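Below is one structure; the comments refer to it alone.
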Number of protein chains: 2
Amino acid sequence: MKTNALNPHVSVDCVIFGYDFEELKVLLIERNYFDDNDNHQDKKITDLVLPGNLVRDNETLDESAKRILKELTGLENIFLEQFYTFGDPNRVRKKQDAEWLRTMRTDPDARVITVAYFALVKLNDYIPKPDSFARRSEWYGIDKIPTLAFDHNEILDKALESLRFKLKYFPIGFELLPKKFTLSQVQKLYEAIYGNKLDKRNFRKKLKALDIITPLGEKQKGVSHKPASVYTLNLKAYQDSQSGSF
Amino acid sequence: MKTNALNPHVSVDCVIFGYDFEELKVLLIERNYFDDNDNHQDKKITDLVLPGNLVRDNETLDESAKRILKELTGLENIFLEQFYTFGDPNRVRKKQDAEWLRTMRTDPDARVITVAYFALVKLNDYIPKPDSFARRSEWYGIDKIPTLAFDHNEILDKALESLRFKLKYFPIGFELLPKKFTLSQVQKLYEAIYGNKLDKRNFRKKLKALDIITPLGEKQKGVSHKPASVYTLNLKAYQDSQSGSF
DNA sequence: CCAAAAGTGTTTACTCTACACCCATGG
DNA sequence: CCATGGGTGTAGAGTAAACACTTTTGG
């Protein structure tokens, strides 16, 4: 029988993507701790990690990822996809990472394999939970990611690559937008993810051909230009569509 | 410092695909052991598993997969791709699987997460190694896979799905063919993998447009019909081509 | 009336699909 | 001379890409 003890050898890390109508963002966690090994100077260290944790022995990997997401953001039922597993025995290369493990783990030298997921969340819905395992979490623009702990930059790069690849063939972008959106918002999102401009008319043609969005008959309000029509995702059509052409 | 001890919590399983010019095959291992728990009848049990093993603490996951492949087939430098990690805490569902672990593992009840790879090998090159950890290994046609141990049928299904998906966008099929091949052999391979017929003229058009094969000027010999031209892969062009259109 | 983004169609190039006959060889 | 698979091109449909002007609103 498996207990809910933490398995010291397997962790799950989540690359949580969000979109603020300007750029693609990633949720990172500030790690604060004292390096009391450094000439007894008790130097405070602050750096950034991807949200993640060891897996419990009685949960699946998917459940573990969901748990991490819920603990951190309070959100459930969000898009989540396993994309790669990182298992280099030398994942812990930096001195401060080893130090930090020493303060956090019962077996700090154990080799940990991490199964990586990416998640797509609606930034609006996100209210940071101050009591979660993250003392502080913050959204970072995808083009402004500093050096992260462990191999987390590598994980993030691969997550972005996986997101871009998946988005080409499946209409998952709406997971990053509110329930009601305009066509320009969708286009700007795709541009933010791929990092290049798209043709407005062609984009709308393709999007409408997918037949998974419905106009609500509403209009944007309070904008100092022609107000855009508001659309929503047609969930049934979305489920049926096994492959889009984006 | 990590040793080369086996990590009891993480394994690597390999779905090894081969092609015999007739159908797509998978290399499976016969597991023989005695169920001495069954009314003391010492019933011999034979069933099938995917090749796999626990990971050593000082090797990467890729290295582990390579090691398994080499131990089993003697082959090196073969195409290998991680496609998914399976971590259901109830991966061991069948009674005989639990029994078998009891005979093989120091901690038979430990939860094991398995990182799955698929490999593409040239059947010609394969000479089974009788001394390897597999007492007996055998190629099974993809449409004739019996029930396997653990969750290995699920792993195999996902491997095939991953292979099909990857093959659509990358010209990896040649990994399954000998160095010299005819165009019809390539086509029959694709048909075997996707399980449907393809149009000869269109197939050849697409293949030649990829610009990664070169005719050798040779012809097939000893066939009782018009002999086919023999081609080979143009490695440089293959490396450069980051995405085919299959 | 100005600025800003919304909204809309057509032409052209390219790619994909369907399809049928002659050829070279061994037996 | 027969059976078998090898080898080739074209027409039509569908998809993707390029491109510019009018509309509506707030300030």
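These figures come from a predicted structure and were not determined experimentally. Quick note on labels: first sequence line is chain A, next is B, and so on, each numbered from 1. We use all heavy atoms of the structure for the numbers below, so side chains are in, but hydrogens, waters and symmetry mates are not.
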Would you be so kind as to tabulate the donor-acceptor pairs closer than 3.5 Å made by side chains of residues 156-164 of chain A, with sequence neighbours excluded?
| unit_1 | atom_1 | unit_2 | atom_2 | d |
| --- | --- | --- | --- | --- |
| A/S162 | OG | A/K158 | O | 2.8 |
| A/R164 | NE | A/I193 | O | 2.8 |
| A/R164 | NH2 | A/I193 | O | 3.2 |

Show me, pair by pair, the donor-acceptor contacts under 3.5 angstrom made by side chains of residues 76-87 of chain A, not counting sequence neighbours?
| unit_1 | atom_1 | unit_2 | atom_2 | d |
| --- | --- | --- | --- | --- |
| A/E81 | OE1 | A/K166 | NZ | 3.1 |
| A/T85 | OG1 | B/T85 | OG1 | 2.5 |

Q | Rounded distance (Å) that lies between atom C1' of C/dT15 and atom CZ of B/F203 | A | 17 Å

(Q) Nearest whole Å is fine: how far is D/dG7 C1' from B/K206 NZ? (A) 19 Å

Q | Under 4.0 angstrom between A/S229 side-chain N/O and C/dG7 OP1 or OP2 | A | yes

(Q) Using a heavy-atom cut-off of 4.0 Å across all strands, would you classify B/S184 as base, sugar-phosphate, or nothing? (A) sugar-phosphate

**Q.** B/Y231: ring-ring contact (aromatic ring centres under 6.0 Å, His included) partners, not counting sequence neighbours
**A.** none

Q) Partners of A/F17 by ring-ring contact (aromatic ring centres under 6.0 Å, His included), sequence neighbours excluded? A) none

**Q.** Spacing between B/Q220 atom CD and D/dT4 atom P, to the nearest angstrom
**A.** 16 Å

(Q) What is the separation between atom NZ on B/K197 and atom P on C/dT17, rounded to the nearest whole Å? (A) 18 Å

Q.
Does a side-chain N or O of A/R204 approach OP1 or OP2 of C/dT8 to a distance below 4.0 Å, or not?
A. no

Q: Calculate the interatomic distance between B/L207 atom CG and D/dG6 atom P; express it in whole Å.
A: 14 Å

Q.
I'd like to check the ring-ring contact (aromatic ring centres under 6.0 Å, His included) partners of A/Y140; sequence neighbours left out, ordered by chain and number.
A. none

(Q) Across nucleotides 18-27 of chain C, 5' to 3', mark each nucleotide with B, S or - according to how protein heavy atoms within less than 4.0 Å reach it. (A) BBB--BBBS-

(Q) In terms of relative ring orientation, are B/F174 and B/F181 parallel, tilted or perpendicular, with 30° and 60° separating the classes? (A) tilted

**Q.** Whole-Å gap separating C1' (C/dA5) and CD (A/Q187)
**A.** 11 Å

Q.
Distance check needed: D/dA18 P versus A/N196 CG, whole Å only.
A. 12 Å

Q: Return the value, rounded to whole Å, for the distance between atom NZ of A/K219 and atom C1' of D/dT25.
A: 11 Å

Q. Would a distance-only check, ignoring hydrogens and angles, find a side-chain to backbone donor-acceptor pair under 3.5 Å from A/N153 to A/L148?
A. yes

